[in-house]
Asks: 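I'd like to ask some things about the structure below.
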There are 2 protein chains.
Amino acid sequence: MKIVIADDHAMVRSGFSMILNFQDDIEVIGAAADGIEAYAMVAKRRPDILIMDLSMPPGESGLIATGKIKEDYPDTKILILTMHDDEEYLFHVLKNGASGYVLKSAPDEELLLAIRTIYEGGTYIHPKMATSLVREFIKKDKTASTEDLFELLSKRELEILPLIAKGYGNKEIAERLFISVKTVEAHKSKIMEKLNLKSRPELVEYALKKKLLDF
Amino acid sequence: MKIVIADDHAMVRSGFSMILNFQDDIEVIGAAADGIEAYAMVAKRRPDILIMDLSMPPGESGLIATGKIKEDYPDTKILILTMHDDEEYLFHVLKNGASGYVLKSAPDEELLLAIRTIYEGGTYIHPKMATSLVREFIKKDKTASTEDLFELLSKRELEILPLIAKGYGNKEIAERLFISVKTVEAHKSKIMEKLNLKSRPELVEYALKKKLLDF
DNA sequence: ATAGTCCCGCGGGAAATCCCTTGATTCCGC
DNA sequence: GCGGAATCAAGGGATTTCCCGCGGGACTAT
């Protein structure tokens with residue numbers, strides 16, 4: 001596979017080139033000293049993988065370059081190689097389309113593993129960095145205890161609550177459930193009483209937190 | 001650090017015990033053959049780390065045991081060791097409180113690295129497994145293009161849309177923005193016209209997808 | 001400059017809908 | 001059999017919705 005290295009330190013570039021070229025399946029076909037050069041190099045050589053240092057001050061930051069390159073040349077996988085074990089970077093970089101994140105302090109084997117992983121379409125995140133990713137994931141997904149819900153609300157109420165939250169009118173709900181509008185209103189009152197909600201927005205928020213809004 | 005190993009294969013247990021006890025900083029203080037035994041062992045010995053095989057058929061699945069143990073003994077870190085490189089498992093296991101996920105096919109060094117990482121409070125996910133995690137993360141965070149929004153809707157409309165979606169009544173919105181109810185109605189009409197929405201639920205859905213509902 | 005367009009704000013009035021209180025039925029567990 | 005909850009429902013006042021229309025300010029193209 002063909003690789004381009006982008007790093008503002010010449011020594012780092014040649015060092016990694018040595019290591020990589022020593023591999024049978026890897027060929028370093030270019031190098032760049034900043035984000036702009038990296039973009040140009042990718043445009044010219046079309047590598048399979050671009051290894052990019054995040055902190056390249058002069059031309060353009062590696063982060064921005066990552067976004068641009070990924071947008072124009074999505075086939076080139078981007079592996080971020082950095083000395084920051086900062087969580088913030090990880091998020092931004094992933095959102096900008098990078099496929100991997102390896103610390104410069106990692107052993108050579110890890111770099112090679114990362115390269116081969118993303119070459120095959122995978123994503124390589126330095127395991128320790130996964131912490132923040134997992135935390136975010138759990139946070140976004142585990143808001144709902146769901147348990148307390150089923151204990152408090154009846155079947156009917158549990159059926160009506162999401163509909164209200166989704167913005168359906170009482171009439172629509174009534175038609176959908178083949179009951180009277182008045183009944184829907186009664187249920188709604190009961191729900192709000194049980195859950196100690198006193199306004200529609202609170203109800204929407206509640207439903208949202210309990211993941212009842214699945215459009 | 002003190003470790004308990006849970007695996008239904010005796011050979012696996014002794015094998016790993018050998019490897020781990022060979023380390024200066026690790027001491028295997030117990031073993032279990034199923035989820036129930038694992039729970040009891042954790043209750044008795046209070047290890048720093050529990051290494052758990054996911055697929056233990058007889059007593060109780062490792063997954064469920066993980067949840068129970070984590071709930072009652074949150075100080076014990078749980079490292080999942082499995083042969084499944086299945087995405088589904090990863091999610092469930094993380095939600096149930098595991099701190100690490102390592103494949104049985106991984107080299108010993110990786111296991112040791114994982115143990116030490118989670119002992120220090122980190123989270124270790126096998127890098128290749130990060131793929132699905134990242135995918136989910138990006139999906140949950142990048143649903144909104146947000147761009148098209150700001151082009152279509154005016155400032156005021158962009159201010160009102162979320163309020164409607166959140167369930168606020170026209171009157172409340174009017175009071176909050178110091179404008180007339182009639183004006184709110186007008187804006188609402190404009191919004192629905194521009195976005196081709198014809199009902200309140202559609203509007204809520206739209207707002208939700210654009211991440212405008214941030215309670 | 002003038003006309004066109006968009007954003008913002010406001011209003012009337014009629015019909016539909018929502019909100020709140022009250023009450024009837026049924027079913028369940030004690 | 002009796003309290004309690006679930007389900008259903010009506011009456012009446014408050015609110016929203018939907019149809020209209022009005023005017024001022026900003027920006028643009030002619």
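We use all heavy atoms of the structure for the numbers below, so side chains are in, but hydrogens, waters and symmetry mates are not.
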Asks: Report yes if a side-chain nitrogen or oxygen of B/Ser189 is closer than 4.0 Å to either non-bridging phosphate oxygen (OP1 or OP2) of D/dC18; otherwise report no.
Replies: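 Answer is no, no contact under 4.0 Å.
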Asks: Look at all strands and tell whether B/Lys194 reaches a base, only sugar-phosphate, or nothing, counting heavy atoms closer than 4.0 Å.
Replies: sugar-phosphate
Asks: Looking at C/dC18, C/dG11, D/dT7, which one has an atom nearest to any side-chain atom of B/Ser180?
Replies: C/dG11
Asks: Measure CG/A/Leu158 against P/D/dT7 and give the value in whole Å, please.
Replies: 10 Å
Asks: Check the phosphate of D/dC8 against A/Lys188, side-chain N and O only, distance under 4.0 Å to OP1 or OP2. Yes or no?
Replies: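 Looking at the OP1 and OP2 atoms of D/dC8, neither is under 4.0 Å from any side-chain N or O of A/Lys188.
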Asks: Looking at B/Lys194, B/Lys190, B/His187, B/Lys188, which one forms a side-chain hydrogen bond (donor to acceptor under 3.5 Å, both in side chains) with B/Glu157?
Replies: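 Among the candidates, only B/Lys194 passes.
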Asks: Compute both the distance and the angle, then confirm whether A/Arg46 meets the cation-pi test with A/Tyr73: under 6.0 Å from the six-membered ring centre, within 45 degrees of the axis.
Replies: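 Cation-pi check for A/Arg46 and A/Tyr73: fails.
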Asks: Is B/His187 close enough to C/dG9 that one of its side-chain N or O atoms is under 4.0 Å from OP1 or OP2 there?
Replies: yes
Asks: Ignoring backbone atoms, establish whether B/Arg200 has a side-chain N or O less than 4.0 Å from OP1 or OP2 of D/dT17.
Replies: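 Affirmative; the distance criterion is met.
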Asks: Under 4.0 Å from OP1 or OP2 of D/dT15: is there any side-chain N or O of B/Asn170 that close?
Replies: no
Asks: For A/Lys190 and D/dG4, what is the distance between atoms NZ and P respectively, to the nearest whole Å?
Replies: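 In whole Å, D/dG4 P lies 12 Å from A/Lys190 NZ.
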Asks: I'd like to know if B/Lys182 reaches the base of C/dG12 with its side chain, counting only an N/O donor and acceptor under 3.5 Å.
Replies: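 Such a pair is found, so the answer is yes.
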Asks: Is there a salt bridge (charged side-chain N to carboxylate O under 4.0 Å, His left out) between B/Arg156 and B/Glu159 once you walk through the steps?
Replies: CA-CA 5 Å; B/Arg156 213 44 159 173; B/Glu159 204 175 353; 3.1 Å; yes
Asks: Look at the side-chain N and O atoms of B/Thr183 and state whether any lies under 4.0 Å from the OP1 or OP2 oxygen of C/dC10.
Replies: yes
Asks: Starting from the 5' end of DNA chain C, give me the residue, A/Met192 or B/Ile160, whose nearest nucleotide shows up first.
Replies: B/Ile160
Asks: Rounded off to whole Å, could you give me the CZ-to-C1' distance for the B/Phe178 and C/dC10 pair?
Replies: 17 Å
Asks: Provide, to the nearest angstrom, the distance between the CZ atom belonging to B/Arg156 and the C1' atom belonging to C/dC10.
Replies: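 In whole Å, C/dC10 C1' and B/Arg156 CZ are 13 Å from each other.
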Asks: Between D/dA5 atom P and A/Glu157 atom CD, what is the distance in whole Å?
Replies: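 Going from A/Glu157 (CD) to D/dA5 (P), I get 11 Å.
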Asks: Starting from P on D/dT16, measure out to CD1 on B/Ile173 and report it in whole angstrom.
Replies: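 Atom-to-atom, B/Ile173 to D/dT16, this comes out as 9 Å.
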Asks: Using modelled atom types only, decide if a donor and an acceptor are shared between the side chain of B/Glu110 and the backbone of B/Ala106 within a distance under 3.5 Å.
Replies: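 Not a single qualifying donor-acceptor pair exists.
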Asks: Would you kindly give the NZ-to-P distance between A/Lys155 and D/dA5, to the nearest whole Å?
Replies: 16 Å
Asks: Is the side chain of B/Lys77 donor-acceptor paired with the backbone N or O of B/Glu120 at a distance under 3.5 Å, no angle test?
Replies: no
Asks: Assess whether one donor atom and one acceptor atom, taken from the side chain of A/Glu185 and the base of C/dC19, lie less than 3.5 Å apart.
Replies: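 For A/Glu185, whose side chain was compared with the base of C/dC19, there is a donor-acceptor pair (under 3.5 Å).
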Asks: Round to a whole Å and report the spacing from CG of B/Leu177 to C1' of C/dG9.
Replies: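 B/Leu177 atom CG is separated from C/dG9 atom C1' by 12 Å.
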